[in-house]
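The block underneath contains the structure these notes are about, expressed in structure tokens.
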Amino acid sequence: MGDTNGQVVAGGNGKGNRLDQLNSPRDVLIDKETDSLIICDQGNQRVVRWSRRSGTTQGEILIGNIHCYGLAMDDQRYLYTSDDEKHEVRRYQIGDTNGTLVAGGNGEGARLNQLNEPTYIFVDQQQTVYVSDYSNYRVMKWYKGAKKGIVVAGGQGKGNALTQLSNPQGLFVDTLGTIYVTDSGNHRVMRWPKGAKQGTVIVGGNGEGEGANQFKSPEGLSFDRHGNLYIADRNNNRVQRFSIE
């Protein structure tokens, strides 16, 4: 806090596929256990790890041959990643390169055992996987070991009604099972209580624009420990903070 200049902690050596380079990184998380960053290096079709210790000049490849989009880690340090070309989510033990299929994996489609361009993911303490199913305009919930998922938000086609989503992205689920999702195509953020048939708009939803209550294709979403909501407002080239009641 208080810094006006950022510090490069991974990449920064131009676009490329060397171990000291990244190409279109999509998502990042911190692995506290090893004090490292795990990065979805989408343009290089790999997941890489960079130590946060000073003097680190390159990363190491954890998973190759994956068109990763979203990342998550559960309490047992299993790593989850969505693949928006294979339309699946896999779970990996760190060091394992094959992983276990936990959602989708039955080709592109809209059936309950399929996904269509999964993007962001969230994993709860029971290893239940929530997926923003981008081109199916829905959020899916897959219990551990399930062969198909459950629609928990959207799933009523593309649209801007309170029962619909348009290209869902960033995702967070609280301990009550309430879903917070960035409804990118509708330029709004929605909250869906557990079991609800429709959501409520908590920020945005005032058309596409640059106002303080507007977004242009918002994407990533995050909460701090005080309950403030942060939104990556992609096409406005800014991050906005909101205090949610």
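For the pair Leu162/Trp192, no side-chain contact is recorded, criterion being any heavy-atom separation below 4.5 Å from C-beta on. Contact of the Ile94 side chain with the Ile38 side chain is registered, since non-hydrogen atoms from C-beta on lie closer than 4.5 Å. At a threshold of 4.5 Å between non-hydrogen side-chain atoms, the residues Thr81 and Ile66 count as touching. Considering only heavy atoms from C-beta on, Thr128 stays 4.5 Å or farther from Trp142 through its side chain. The shortest side-chain heavy-atom distance between Lys147 and Asn113 does not fall under the 4.5 Å cut-off. At least one side-chain heavy atom of Arg77 sits under 4.5 Å from a side-chain heavy atom of Thr34. By the 4.5 Å heavy-atom criterion applied to side chains, Leu171 and Ile121 are not counted as neighbours.
Val181 and Ile150 fall within a single hydrophobic cluster, where Ile, Leu, Val, Met, Phe, Trp and Tyr are joined by side-chain heavy atoms under 4.5 Å apart, directly or via other members. Hydrophobic clustering of Ile, Leu, Val, Met, Phe, Trp and Tyr side chains at less than 4.5 Å, counting indirect connections, unites Ile30 with Leu22. No continuous path of hydrophobic side-chain contacts links Tyr92 to Val102 [ILVMFWY only; heavy atoms under 4.5 Å]. A single hydrophobic cluster is seen to contain both Leu115 and Tyr80, as judged by linkage of ILVMFWY side chains at heavy-atom distances under 4.5 Å, directly or through other members.
Distance alone, capped at 3.5 Å, places no donor-acceptor pair between the His187 side chain and the Gly207 backbone. Listed for the Asn136 side chain is no donor-acceptor partner under 3.5 Å among the backbone atoms of Arg138. Proximity of a side-chain donor or acceptor of Asp84 to a complementary backbone N or O of Pro118 within less than 3.5 Å is not detected. Using modelled atom types, one side-chain atom of Gln164 and one backbone atom of Gln156 make a donor-acceptor pair closer than 3.5 Å. The backbone N or O of Asn98 lies less than 3.5 Å from a partner atom in the side chain of Asp96, making a donor-acceptor pair. Checked by atom type and distance alone, the side chain of Asn236 never pairs as donor or acceptor with a backbone atom of Arg238 at under 3.5 Å. With Arg188 contributing its side chain and Asn160 its backbone, the two residues share a donor-acceptor pair below 3.5 Å. Judged by distance alone, the side chain of Asp31 and the main-chain N or O of Ser36 form no donor-acceptor pair under 3.5 Å. With Ser82 contributing its side chain and Thr119 its backbone, the two residues share a donor-acceptor pair below 3.5 Å. Asp27 contributes a side-chain N or O that, together with a main-chain N or O of Leu71, makes up a donor-acceptor pair within less than 3.5 Å.
Ring centers of Phe242 and Tyr180: at least 6.0 Å apart, outside the cut-off. Between Phe223 and Tyr230, the ring center distance fails the sub-6.0 Å criterion.
In this structure, Arg91 forms a cation-pi arrangement with Tyr78, its terminal cationic atom sitting closer than 6.0 Å to the ring centre and no more than 45° off the ring axis.
Of the listed residues (Arg26, Gln42, Glu85, Glu117), just one forms a side-chain hydrogen bond (donor to acceptor under 3.5 Å, both in side chains) with Tyr69, and that residue is Arg26. Among Val189, Asn228, Val203, the one residue that satisfies the side-chain contact (heavy atoms from CB on, under 4.5 Å) test with Ile244 is Val203. Applying side-chain contact (heavy atoms from CB on, under 4.5 Å) to Met190 and the options Val139, Thr200, Leu165 leaves one that passes, Leu165.
Apart from Tyr137 itself, the hydrophobic cluster it occupies contains nothing, where clustering links Ile, Leu, Val, Met, Phe, Trp and Tyr at side-chain heavy-atom distances under 4.5 Å.
Surrounding CG of Asp224 are more than 12 heavy atoms belonging to other residues, nucleotides or ligands, all under 6.0 Å away. The 12-atom threshold is not exceeded at CD of Gln125, counting heavy atoms of other residues, nucleotides or ligands nearer than 6.0 Å.
Between Asp74 and Gln127, the side chains place a donor N or O and an acceptor N or O closer than 3.5 Å (distance only, hydrogens not considered).
By the 4.0 Å N-to-carboxylate-O rule, Asp83 lies too far from Arg90 to be salt-bridged with it. Using a 4.0 Å cut-off between charged nitrogen and carboxylate oxygen, Arg234 and Glu219 count as a salt-bridge pair.
When every heavy atom of Val131 is checked against every heavy atom of Ala103, the shortest pair comes out as CG2-CB, 4.3 Å.
Atom CZ in Phe122 sits 12.0 Å away from atom OG in Ser132 (nearest 0.5 Å).
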